[in-house]
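Note sheet for the following structure.
Everything numeric in this text was worked out from a predicted model, so none of it was measured. Just follow the structure's listing: the first ligand is 1, and inside any ligand the first atom is 1.
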Amino acid sequence: MSNAKQVVVIEGEGIGPEVIAEARRVLDWFATRRRPGIEMRDALYGVEAYRRTGKIVPDETAAALKSADAILFGATGGPAYDALPAEARRQGNLLRIRRSLDLYANLRPIVAIPAVHEASSLKSRVLDGVDFIILRELSSGLYFGEPRGIETLPNGERRGVNTHAYTSSEIRRVARFGFELARTRRRRVTSVDKANVMEAGQLWRQEVQALHDAEFADVELHHMLVDNCAMQLVRAPVQFDVLLTDNMFGDILSDAAAMATGSLGMLPSASLGPVGADGRRPALYEPVHGAAPDIAGQGIANPLGAIQSLALAFRLSLDEPESADLLDRAVRSALDGGIRTRDIMHPGGRPVGTREMGSAVLAALDRLAG
Ligand code: IPM
Ligand code: MG
């Protein structure tokens, strides 16, 4: 056994392979230039895996995911899945993978980089200084609650059911994560709920407040109703530091917040589980954009979501904060240089493709590293 950190790479479908190819070139740059102690390993996943092994997540992949120091994940989904049996689809579902690794803390950093303010629908003065993290609970809540399903009632009507449920320990562990995260930043947590209507929201608010009072009185805590939060995100996003949400609210609010970065294509994410007995924390890094089948295979997707996800992996799983800083600076430098993929291009400009954007980041790394 080597001591090298193991990064398991899953390309997935749609634009996944294209954006991961660029993240891989960046990782290669670091592996050869700065750190021989990272080993990359590909794992088979998705429709292709199903064709070859009868499983979307083959056993070997499941084992690799469990033992990895970091998983770098492209994207999953798209029309190819429609042909697969429902049970196979469920087994390989991204939500299941998150759940199987108990990835409860999902971080989505929203940083408005000045060079791309123009790409946002928000005014530049609204974007100035925007730098916050959405911390989304990822392993429970409405997307997992039981009972769930579609039933047919005696009168022939159909009824769809999902259950929004949280236990106090589920709330507290993600809230703890949020308070600890806030201590490394501007010490301000805004916790989102719908306590005026939902009991699960009342419990959320009570538990977050109780944990705060008992252990994190040095952190500023605000509670915000989710509908108001949606408005505040476009009115004055600069007010946020750590935005703590449940699973569904974080899913919805993070798409809206992405606009502050100029495009969903810019947004990275980290999903972290509890620290295990061996001191390792399961961690999956993925761009938030998804498979985008409409532009797959064209070489025009923005790879910066994937590349910035790699920067998060350096910071949170690979003990490489300096590499993370360097990579963040390289991304900014490439953007300062005026290079844009289509999603962040201003009208009339000439966008570059996925590969060229990757090359621009590599060139910036070369420049910055001297
Ligand atoms: C996300 C996505 C996923 C989610 C989907 C693809 C299941 O929208 O990561 O935000 O809802 O978590
Ligand atoms: Mg989403």
Side-chain angles (χ1 to χ4, degrees), residues 10-17 19-20 23 45-47 56-57 65 71-82 84 86 88-110 132-145 148 160 162-166 170 174 192 226 229-230 233-234 243-261 263-273 282-296 301-302 304-306 308-310 312-313 316 343:
I10 290 185
E11 297 183 344
E13 291 98 22
I15 59 174
V19 298
I20 289 299
Y45 168 86
V47 179
I56 291 177
V57 185
L65 294 180
I71 303 161
L72 186 60
F73 191 93
T76 178
Y81 274 91
D82 298 345
L84 306 192
R89 278 207 307 263
R90 270 196 292 280
Q91 178 259 344
N93 181 299
L94 184 56
L95 292 181
R96 278 238 190 151
I97 294 178
R98 291 169 176 170
R99 176 94 153 181
S100 72
L101 298 172
D102 200 15
L103 304 176
Y104 69 92
N106 177 234
L107 288 86
R108 301 185 166 190
I110 308 290
F132 63 98
I133 295 188
I134 297 182
L135 174 58
R136 167 185 174 194
E137 200 294 323
L138 201 63
S139 65
S140 183
L142 189 62
Y143 293 0
F144 294 102
R148 64 185 300 162
N162 290 91
T163 301
H164 184 115
Y166 270 103
E170 288 169 339
V174 72
V192 176
V226 61
C229 182
L233 276 172
V234 289
L243 190 59
L244 172 65
T245 76
D246 73 16
N247 200 341
M248 174 183 58
F249 294 157
D251 184 22
I252 298 170
L253 295 174
S254 60
D255 269 37
M259 242 324 122
T261 71
S263 158
L264 195 56
M266 297 288 292
L267 205 59
S269 79
S271 304
L272 306 177
L284 185 147
Y285 298 87
E286 57 173 323
V288 178
H289 52 59
D294 54 321
I295 59 162
N302 187 345
L304 293 181
Q308 297 190 100
S309 295
L310 181 60
L312 286 177
L316 301 171
D343 57 317

Mind checking whether Arg98 has a heavy atom under 4.0 Å from ligand 1?
-> yes
Answer yes or no for Asp251: is there a heavy-atom contact with ligand 1 below 4.0 Å?
-> yes
Exercise: identify the closest heavy-atom pair between Ile15 and Ala296 | CG2-CA, 3.7 Å
When rounded to the nearest 0.5 Å, the distance separating CD1 of Ile133 from CG of Leu107 is 5.5 Å
Considering all heavy atoms, the nearest Gly74-Ile20 contact | CA-CG1, 3.5 Å
Which heavy-atom pair separates Glu170 from Ala165 by the least distance, and what is that distance?
-> OE1-O, 4.3 Å
Would Arg108 count as a contact of ligand 1 if the rule is a heavy atom under 4.0 Å away?
-> yes
Output the list of atoms in ligand 1 that are nearer than 4.0 Å to some heavy atom of Tyr143, sorted by atom number.
-> 11 (O)
Ignoring hydrogens, tell whether any protein atom lies closer than 4.0 Å to atom 1 (C) of ligand 1; use the non-hydrogen atoms only.
-> yes
N/O/S atom of Asp251 inside 2.8 Å of the Mg ion (ligand 2), strictly under = yes
Of the protein's non-hydrogen atoms, which lies at the shortest distance from atom 6 (C) of ligand 1, and what is that distance?
-> Leu94 CD2, 4.8 Å
On a heavy-atom basis, the closest approach of Leu103 and Ser271 is CD2-O, 3.5 Å
Could you tell me which atoms of ligand 1, counted from 1 in the order shown, lie closer than 4.0 angstrom to a heavy atom of Arg136?
-> 1 (C), 4 (C), 9 (O), 10 (O), 11 (O), 12 (O)
On the 0 to 90° scale, with breaks at 30° and 60°, tag the Phe249-His164 ring pair as parallel, tilted or perpendicular.
-> tilted
Non-hydrogen atoms of Tyr81 and Gly46 that approach each other most closely | OH-CA, 3.3 Å
Right, does atom 4 (C) of ligand 1 have protein non-hydrogen atoms nearer than 4.0 Å?
-> yes
